[in-house]
Visitor: 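Here it is, the structure in full.
Below, all heavy atoms of this structure are taken into account, side chains as well, without hydrogens, waters or symmetry copies. So you know, we letter chains A, B, ... as the sequences are listed, proteins then strands, and number each from 1.
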Amino acid sequence: MIDLKLLRDAPELLRDSLRRRGTDIDLDELIALEEQVRSLRQEAESLRAEQKEAGREIAALQGDEKQAAIDSVSQLAQKVKDANARVDELAAELDSKLLEVPNLVAEDAADGMTDADNLELRRLGTPASDGKDHAALGEALDIIDTERGAKVSGSRFGFLKGKGALLEFSLVRWAMDHLVAAGFTPMVPPVMVREHALEGTGFFPEAREQVYSIPKDELFLVGTAEVPLAAYHGDEIFDPEDLPIRYAGFSTCFRREAGTYGKDTAGIFRVHQFDKVEMFVFIDPEESAAEHDRLLEIEEQLVKELEIPYRVVNVAAGDLGASAVKKYDIEAWFPGEQNYREITSCSNTTDYQARRLRIRVRKESGNEVLHTLNGTACAVGRTILAILENHQQPDGSVVIPEALRRYTGFDSISA
RNA sequence: GGAGAGGUGGCCGAGUGGUCGAAGGCGCUCGCCUGCUAAGCGAGUAAGGGGUGAUUAGCCUCUUCGAGGGUUCAAAUCCCUCCCUCUCCGCCA
């Protein structure tokens with residue numbers, strides 16, 4: 001949720017951001033509605049104040065006097081009720097419209113509408129000029145089985161098998177160890193959440209169609225640990241010395257991938273279920289921009305350690321999620337595809353999620369909505385694929401990156 | 001799944017229709033006192049919104065006692081629905 005003061009005092013800033021996102025929202029209508037709600041609310045409040053005052057007087061009266069007073073106030077009570085009903089109706093309309101307004105866009109976010117407009121910041125490593133793709137490798141090595149995945153669960157599901165499965169646990173522990181050393185607190189959050197957690201993190205209403213739901217129990221499967229981790233501190237107020245709070249959350253992630261028919265159909269690059277280690281930070285507003293760079297640095301260190309060629313892009317404004325003002329993606333080189341593809345992502349969501357979730361910091365000037373950020377430490381599935389493709393050998397085997405061997409217990413995978 | 005108990009401020013806990021946003025205690029903050037520590041004394045101490053101010057003052061006002069609805073001139077208190085927590089039994093990875 002954006003700051004209402006922004007709407008009132010600096011609508012141009014907001015208008016400019018919406019334009020950069022290519023979002024079509026009628027700000028003037030919103031501004032007018034907000035003003036209307038505010039003035040109606042004031043009317044209703046002063047009527048209510050009158051009623052409360054009258055009530056206090058009645059409490060002190062007795063007998064006939066009391067009865068007379070009660071009679072005269074009853075019309076006022078009806079007026080208060082009517083006034084509040086009007087306010088509630090308009091306020092609900094305003095709220096639902098506000099929920100659809102995305103966050104501002106950072107000045108230094110890349111311009112453009114699609115991922116084709118992403119701004120490349122740097123490339124590291126030496127991309128291999130050819131190689132098999134992960135689907136072929138995974139099948140040949142018998143560590144990924146998508147055929148039976150489809151049989152059991154449908155398309156976009158797979159089994160990790162043998163050393164492929166062990167690789168998963170090795171990556172999780174390797175990433176966790178890094179994050180613990182960097183001061184993060186490990187977390188295993190619930191992967192089923194209530195609606196408010198998704199609304200609070202900005203996934204609802206914007207990305208509702210990407211989320212699996214369990215209607216009978218009014219629960220939803222999260223697409224990232226960001227959701228439960230953000231909501232974890234909902235409604236809390238922190239002292240400045242408590243911040244920053246950094247969590248390393250492990251969770252399975254569920255995504256419906258609606259609207260991606262025909263994309264990435266081979267292998268398990270794009271699946272409905274995968275595991276991920278996610279960084280999530282609660283921080284003083286002053287520091288979120290610097291923290292965003294720190295998260296990116298951690299992500300780069302991790303990818304470097306796996307000896308995977310990659311590039312960093314500044315994501316185009318039109319391709320940002322509703323809650324992010326700026327986002328960096330790290331794209332790993334995939335030799336089989338001869339292309340860079342996203343394996344991690346980190347976003348500064350500033351006060352957008354924190355305002356919706358009511359998470360604040362107690363500052364001298366009063367309580368202030370704090371800032372939140374999130375970033376992928378290791379999207380396990382895609383990382384496995386990147387390892388397979390970039391560390392494949394001419395003989396068809398795959399060499400495990402040095403840094404990972406103490407976790408895997410083996411140094412290569414062969415058929 | 002069955003039976004019961006309960007959800008009040010940072011915490012504990014009182015409050016069953018009328019100056020109750022809420023006794024008391026703990027904690028915390030500031031001041032006083034005490035040559036350390038402890039104790040004592042005094043004052044203060046929820047959040048959010050709106051208005052008016054010089055938007056880190058002050059003042060006015062509304063909302064919030066798990067959530068939502070209802071009754072009433074008036075609801076923490078009465079009624080309805082829902083949610084959550086705890087205990088016992090059953091089942092269970």
Visitor: Decide, yes or no, whether a salt bridge links A:E402 with A:R405 under the criterion of side-chain N to carboxylate O below 4.0 Å.
Guide: yes

Visitor: Salt bridge or not for A:E291 and A:R294, using N-O below 4.0 Å?
Guide: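 Yes, charged N to carboxylate O under 4.0 Å.
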
Visitor: Taking CG from A:L94 and P from B:G49, how many angstroms apart are they, rounded to a whole number?
Guide: 14 Å

Visitor: Where along nucleotides 67-72 of chain B does protein come under 4.0 Å, by heavy atom, of base (B) or sugar-phosphate alone (S), with - for untouched nucleotides?
Guide: ----S-

Visitor: Please state the C1' separation for the pair B:A47 and B:G53 - nearest whole angstrom.
Guide: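 Per the computed distance, 23 Å lies between those C1' atoms.
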
Visitor: Sticking with atom P, work out how far B:A39 lies from B:U29, rounded to a whole angstrom.
Guide: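 Comparing P positions in B:A39 and B:U29 gives a spacing of 13 Å.
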
Visitor: Would you please classify the geometry between the A:Y247 ring and the A:H233 ring as parallel, tilted or perpendicular, with 30° and 60° separating the classes?
Guide: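 Plane angle under 30°, so parallel.
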
Visitor: In whole angstroms, how far is the P atom of B:A74 from the NZ atom of A:K52?
Guide: 12 Å

Visitor: Expressed as a whole number of angstroms, how long is the span from A:D239:CG to B:U29:P?
Guide: 11 Å

Visitor: With nearest nucleotides of RNA chain B determined for A:G55 and A:E50 from heavy-atom distances, which residue corresponds to the more 5′ nucleotide?
Guide: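 By nearest-heavy-atom nucleotide position, the 5'-most residue is A:G55.
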
Visitor: Would you measure the distance from the P atom in B:A67 across to the matching atom in B:A75 and give it in whole Å?
Guide: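 About 16 Å, rounded to a whole number of Å.
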
Visitor: Should B:U87 form a Watson-Crick or G-U wobble pair with both distances under 3.5 Å, which nucleotide is its partner?
Guide: B:A3

Visitor: For a quick check of understanding: with a heavy-atom distance under 4.0 Å over all strands, which category does A:A77 fall into, base, sugar-phosphate or nothing?
Guide: sugar-phosphate

Visitor: Could you state the atom-to-atom distance from CZ of A:R362 to P of B:A47 in whole Å?
Guide: 7 Å

Visitor: Looking at A:L404, A:L306, A:T376, which one forms a side chain to side chain contact (heavy atoms under 4.5 Å, CB included) with A:T383?
Guide: A:L306

Visitor: Whether A:R382 and A:E331 form a salt bridge (side-chain N of Lys/Arg under 4.0 Å from carboxylate O of Asp/Glu) is what I want to check.
Guide: no

Visitor: Which is it for B:G53, anti or syn, if anything within 90° of zero counts as syn?
Guide: syn

Visitor: Report yes if at least one side-chain N or O of A:R41 is closer than 4.0 Å to OP1 or OP2 of B:G48; otherwise report no.
Guide: no

Visitor: May I ask you to establish whether A:R194 and A:F220 are in a cation-pi arrangement, using a distance under 6.0 Å from NZ or CZ to the six-membered ring centre and at most 45° from the ring axis?
Guide: no

Visitor: Quick one: label A:Q51 by what it contacts on the DNA or RNA (base, sugar-phosphate, nothing), any heavy atom closer than 4.0 Å.
Guide: sugar-phosphate

Visitor: Select one nucleotide: of B:C73, B:U63, B:G51, the one nearest the side-chain heavy atoms of A:R48.
Guide: B:U63

Visitor: For the side chain of A:E45 and the base of B:G51, is some donor closer than 3.5 Å to an acceptor across the two?
Guide: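 No such pair is found, so the answer is no.
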
Visitor: NA contact type, A:R56, heavy-atom cut-off 4.0 Å: base, sugar-phosphate, or nothing?
Guide: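 Here A:R56 touches the bases of the nucleic acid.
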
Visitor: Should B:A14 form a Watson-Crick or G-U wobble pair with both distances under 3.5 Å, which nucleotide is its partner?
Guide: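 Base-paired to nothing in any strand shown.
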
Visitor: Looking at A:F250, does the NZ or CZ of A:K276 lie under 6.0 angstrom from its six-membered ring centre and within 45 degrees of the ring axis?
Guide: no

Visitor: Taking the same atom, C1', in B:C20 and in B:A74, what whole-Å distance lies between them?
Guide: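 Comparing C1' positions in B:C20 and B:A74 gives a spacing of 13 Å.
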
Visitor: Does A:R38 place a side-chain N or O at less than 4.0 Å from the phosphate oxygens OP1/OP2 of B:G49?
Guide: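 Result: no.
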
Visitor: Mind checking the P distance from B:C26 to B:C86? Whole angstroms is fine.
Guide: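 Their P atoms lie roughly 30 Å apart.
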
Visitor: Which whole number of Å gives the distance between the C1' atom of B:A76 and that of B:G17?
Guide: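 The same atom, C1', in both gives a distance of 11 Å.
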
Visitor: Start at the 5' end of RNA chain B and walk down; is the nucleotide closest to A:I58 or to A:D9 reached first?
Guide: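 First, find each residue's nearest nucleotide; the 5'-ward one identifies A:D9.
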
Visitor: Taking only Lys NZ, Arg NE, NH1 and NH2, and the carboxylate oxygens of Asp or Glu, determine whether A:R15 and A:D28 approach each other closer than 4.0 Å.
Guide: yes

Visitor: Looking at B:G50, B:C73, B:G18, which one has an atom nearest to any side-chain atom of A:Q42?
Guide: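 So the nucleotide nearest the side chain must be B:G50.
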
Visitor: Rounded to whole Å, please give me the gap between CD in A:E53 and P in B:U61.
Guide: 9 Å

Visitor: Would you kindly give the CG-to-C1' distance between A:L219 and B:C84, to the nearest whole Å?
Guide: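 It is 13 Å, rounded to the nearest whole Å.
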
Visitor: May I ask which nucleotide in the shown strands pairs with B:U52, Watson-Crick or G-U wobble, both distances under 3.5 Å?
Guide: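 B:U52 is paired with B:G58.
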
Visitor: In whole Å, I'd like the distance from the CD1 atom of A:I237 to the C1' atom of B:G9.
Guide: 12 Å

Visitor: Suppose you measure atom C1' in B:A23 against the same atom in B:C32; what distance do you get, rounded to whole Å?
Guide: 27 Å

Visitor: Is B:U37 paired to anything, Watson-Crick or G-U wobble with both distances less than 3.5 Å, and if yes, which nucleotide?
Guide: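 The base-pairing partner of B:U37, which may sit in any strand shown, does not exist here.
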
Visitor: Using atom P of each nucleotide, how far apart are B:A38 and B:G44 to the nearest Å?
Guide: 24 Å

Visitor: Applying a 3.5 Å limit to both distances, which nucleotide forms a Watson-Crick or G-U wobble pair with B:U45?
Guide: B:G27

Visitor: Let me know which of A:E100, A:E195, A:E199 forms a salt bridge (Lys or Arg N to Asp or Glu O under 4.0 Å) with A:R208.
Guide: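 It is A:E195, the one option of A:E100, A:E195, A:E199 that forms the salt bridge (Lys or Arg N to Asp or Glu O under 4.0 Å) with A:R208.
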
Visitor: Check every strand shown and say whether A:R194 touches a base, only sugar-phosphate, or nothing at a heavy-atom separation below 4.0 Å.
Guide: sugar-phosphate

Visitor: NA contact type, A:R360, heavy-atom cut-off 4.0 Å: base, sugar-phosphate, or nothing?
Guide: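 Touches sugar-phosphate only.
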
Visitor: Just how far, in rounded Å, is P of B:A47 from CG of A:N367?
Guide: 6 Å

Visitor: Mind checking who B:A93 pairs with, Watson-Crick or G-U wobble, both distances under 3.5 Å?
Guide: none

Visitor: Salt-bridge test for A:D9 and A:K5: reply yes if a basic N is under 4.0 Å from a carboxylate O, no otherwise.
Guide: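 A salt bridge is absent here (no side-chain N lies under 4.0 Å from a carboxylate O).
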
